[in-house]
Amino acid sequence: MDLSSEVTTVSGIGEKLAEKLKKAGIYTLRDFLYFLPRDYENFQNTVKICDLRPGKVMVRGRISDLETTATRRRGLSITSGTISDETGSLRVVWFNQPYRAKQFDDNRDYYFTGTYDLKNGRYQLTSPSATLAKDADTTGSDLNPIYRAVSGIPSVKLVQLFENFRENFAFIPDLLPGTLENDSLKNLDLPDFVYPGARADALFKSHFPDNSVEIGEARRYLAYEELFELLLSANLSKQENHKLKSEKLPFNASNTKKVISSLPFKLTDAQRQATWDILQDLDKSTPMNRLLQGDVGSGKTVVGAISAMQAISSGFQVALLAPTAILALQHAEGLDKLLRPLGVKIALLIGSTKHKDLVKRQIEQGNVDLVIGTHALITDDLVFNRLAFCIIDEQHRFGVNQRQKLLSKTAHNVVKNPAGTMAPHLLSMTATPIPRSLQLTVFGDLDVSVINQLPAGRQPIITSVIKETDQKEILYPKIREEIKKGHQAYWICRKIEEGKHNDSSSVKRQATKLQGIFPELKIEYLHGKMKPEEKDAIMDRFSRGKINLLVSTTVVEVGVNVPNATLMVIMDAEGYGLAQLHQLRGRVGRGDAESFCYLISTSEHPSKRLQAMEKSTDGFYLAEMDLKIRGPGEIYGSLQHGALDLQIASLSDTALISQASRQAKSVAKIFVNDPSAMLKYKELGESISHYQQLTTLN
Ligand code: ADP
Ligand code: MG
């Protein structure tokens with residue numbers, strides 16, 4: 001059986017259905033088989049309608065009075081009906097599932113599973129799943145799988161399709177080393193649930209379980225398989241990285257001292273430690289691949305600058321990549337102040353840079369030591385003279401391809417060393433910490449330094465969630481108070497994705513409104529669609545204190561540093577993720593003065609996220625919370641790693657992780673020494689290359 005074949009191999013899936021499945025990411029037979037039930041219904045748990053209590057329930061009955069109505073809110077439809085059994089009836093409602101109106105046979109019984117509770121003053125069953133009751137089911141203890149409805153394909157249809165394929169499950173090939181017949185890796189230390197045929201068993205039990213024990217067994221195998229693949233790919237990346245060569249940039253104590261003593265402040269211990277880690281890595285001829293994690297305001301930039309000096313004083317170039325023009329500009333100004341007195345030549349390369357060709361020529365000829373820029377740095381026509389070290393600021397903002405493009409700009413080395421590929425050293429910096437659990441598993445190949453300490457004198461930002469209606473009472477006086485003290489404030493408006501208002505009109509309107517409320521203040525606004533020069537000019541005025549209140553979209557989210565700003569207001573705070581809220585809040589509290597953050601919420605009860613924000617200013621704590629609230633797939637969503645979806649495995653299952661990790665390590669060793677061994681595991685090879693895309697940070 002070739003799992004890479006198209007889904008149309010499954011009987012019952014024609015071209016039309018295949019198109020729909022594609023929209024849900026199901027292209028191949030493999031995708032189909034791994035589309036696991038999101039839950040199971042156990043038909044023994046039904047309740048008579050007269051005995052219903054609020055909560056998750058299952059009833060068995062017939063449905064009548066179905067109708068679908070469109071609501072005033074565009075795009076939303078409601079399908080409602082009545083479910084009856086011999087003891088009574090209840091109202092049922094589905095949102096945006098108009099097919100429900102035609103799904104049922106009035107004369108047959110169905111099982112309905114969903115939440116029964118009070119909505120708008122009446123009890124109802126909301127968006128239940130529905131399964132046709134077979135006569136046998138009344139006494140049986142069958143577990144019926146429930147699938148996530150995709151592209152309008154209801155769960156029942158998917159059940160049918162899997163049923164069609166039932167006889168073929170036995171032919172699903174094995175995946176993990178040590179399970180194949182005549183497998184040379186048979187004597188690996190395998191857990192007992194990894195045996196020949198284990199994968200076929202696990203998938204079969206997932207889709208057709210006899211009892212809940214089988215579901216558990218299936219999950220355990222599939223979780224193990226998932227972790228194994230992930231860990232194997234991380235291991236292989238690390239081994240591959242070790243084969244590369246890079247310039248050895250020798251540590252020089254007196255040069256380093258010179259930079260550090262020119263700083264206007266004393267480094268924190270954490271900064272010192274991180275700097276030391278990096279300087280040692282640079283002094284090696286294998287490429288550094290280090291992630292510098294430090295909370296917003298912890299002072300990562302200066303660590304990057306000191307490290308850059310080690311490369312520059314050995315005669316090499318350094319590239320610093322930043323996600324926005326505002327940030328690149330700010331780095332260029334700050335670093336110019338710090339490094340120019342030490343003889344460093346800096347160039348800024350952003351979209352609005354004038355005489356770009358000239359600047360590029362200077363870089364190519366080697367007249368520039370440190371190049372700071374945005375995406376303009378990774379254009380094809382930019383050639384470095386002797387690039388040996390890349391720093392990526394706010395690395396989570398960049399995709400794999402962009403990072404790789406920057407790293408490939410070491411062309412000169414190939415000429416010098418045609419035999420081997422030379423790679424630059426890489427330092428990635430981020431304030432969005434990777435939770436420890438993910439770090440150990442997914443990013444096992446990465447070295448990490450942590451700045452877990454803020455510069456002396458910083459005070460935690462006092463954060464409050466307030467209701468929209470409380471602005472006048474609470475917020476406006478606070479704004480006046482802070483600005484009277486000579487401080488400045490940010491006011492963040494929600495980015496409006498669609499509809500007739502765009503970002504620019506929303507910040508503009510808000511700025512006008514606030515100007516009416518605070519006629520005495522100098523208020524300006526900023527949004528992403530402005531011309532780069534305009535943005536720069538506004539940020540420049542703000543950082544020189546010429547603007548009291550800056551109304552902005554999230555363009556100020558990353559990295560922007562104006563220590564005199566002490567007040568942050570975030571409108572519609574419910575609309576942001578934790579990481580982003582933390583980043584936004586981090587724009588204040590960057591100086592010695594006490595700072596404040598107000599999260600304006602439109603909902604009656606603040607979400608878990610906003611509560612977490614009120615409770616803590618520790619980015620590491622918030623990242624763990626975020627992982628709990630949302631799961632890893634979403635955190636490392638499209639931006640960072642494509643799609644890292646751990647479907648089954650839980651990163652908190654440390655026992656399983658360490659088992660998988662042991663096997664992955666042994667197999668990685670074998671594969672690296674004998675690449676032909678890998679060819680035997682075609683399927684495994686495919687999924688590894690997928691994961692490697694996701695898990696390497698270089
Ligand atoms: P982030 O880690 O968020 O990138 P920055 O590098 O922008 O933080 O630093 C934030 C501010 O703290 C800057 O104004 C920087 O000059 C200042 N800073 C950095 N290190 C120290 C220190 N050890 N003591 C005092 N101020 C510092
Ligand atoms: Mg920064």
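Remember, it's 1-based here, ligands and their atoms both numbered in the order they're listed. Note that the coordinates shown come from a computational prediction; the quantities given were computed from them, not determined experimentally. In what follows, every heavy atom counts, from backbone to side chain, and hydrogens, waters and symmetry copies are set aside.
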Undergrad: Do any nitrogen or oxygen atoms of G294 lie less than 3.5 angstrom from nitrogen or oxygen atoms of ligand 1?
TA: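 Looking only at distances, the answer is no, because the N/O contact criterion of under 3.5 Å is not met.
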Undergrad: For W276 together with F251, are the ring centres under 6.0 Å from each other?
TA: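 Judged by ring-centre distance (under 6.0 Å), F251 and W276 do meet the cut-off.
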Undergrad: In plain terms, say whether R458 and D592 are close enough for a salt bridge, that is, a side-chain N and a carboxylate O under 4.0 Å apart.
TA: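 Salt bridge absent between R458 and D592.
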Undergrad: Show which atoms of ligand 1 fall inside a sub-4.0 Å distance from at least one heavy-atom site of T268.
TA: 23 (N)
Undergrad: T301 heavy atoms, cut-off 4.0 Å: which ligand 1 atoms fall inside?
TA: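 Those qualifying, in numeric order: 4 (O), 5 (P), 6 (O), 7 (O).
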Undergrad: Evaluate the ring planes of F518 and Y476, with Trp represented by its six-membered ring, and classify them as parallel (under 30°), tilted (30 to 60°) or perpendicular (over 60°).
TA: perpendicular
Undergrad: Applying the side chain to side chain contact (heavy atoms under 4.5 Å, CB included) test to M568, which of V588, L599, T463 qualifies?
TA: V588
Undergrad: Apply salt bridge (charged side-chain N to carboxylate O under 4.0 Å, His left out) to K484 and E482, showing your working.
TA: CA-CA 5 Å; K484 211 158 156 198; E482 281 304 302; over 6 Å; no
Undergrad: Give a yes or no on whether a salt bridge exists between R480 and E520, defined as a side-chain N under 4.0 angstrom from a carboxylate O.
TA: yes
Undergrad: So if I count the atoms of ligand 1 from 1 in the order they appear, which ones are less than 4.0 Å from some heavy atom of G297?
TA: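 By the 4.0 Å cutoff, the relevant atoms are 1 (P), 2 (O), 3 (O), 8 (O).
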Undergrad: Can you list the steps and then say if D283 with K248 is a salt bridge (charged side-chain N to carboxylate O under 4.0 Å, His left out)?
TA: CA-CA 5 Å; D283 196 345; K248 182 172 149 74; 2.9 Å; yes
Undergrad: Give the atoms of ligand 1, by number and element, whose distance to some non-hydrogen atom of K266 is under 4.0 Å.
TA: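 Matching atoms, with element in brackets: 22 (C), 23 (N), 24 (N).
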Undergrad: Could you establish whether A431 and ligand 1 come within less than 4.0 Å of each other, counting only heavy atoms on the residue side?
TA: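 No; A431 lies far enough from ligand 1 that no heavy-atom distance drops under 4.0 Å.
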Undergrad: Using a strict cut-off of 4.0 Å, indicate which atoms of ligand 1 neighbour a heavy atom of V296.
TA: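 Here the atoms of ligand 1 in question are 3 (O).
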Undergrad: Would you tell me which option among M429, R590, Q330, Q293 has the nearest heavy-atom contact to atom 10 (C) of ligand 1?
TA: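 Heavy atom nearest to atom 10 (C) of ligand 1 belongs to R590.
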Undergrad: May I ask you to list the atoms of ligand 1 that are less than 4.0 angstrom from any heavy atom of R458?
TA: 11 (C), 12 (O), 17 (C), 26 (N)
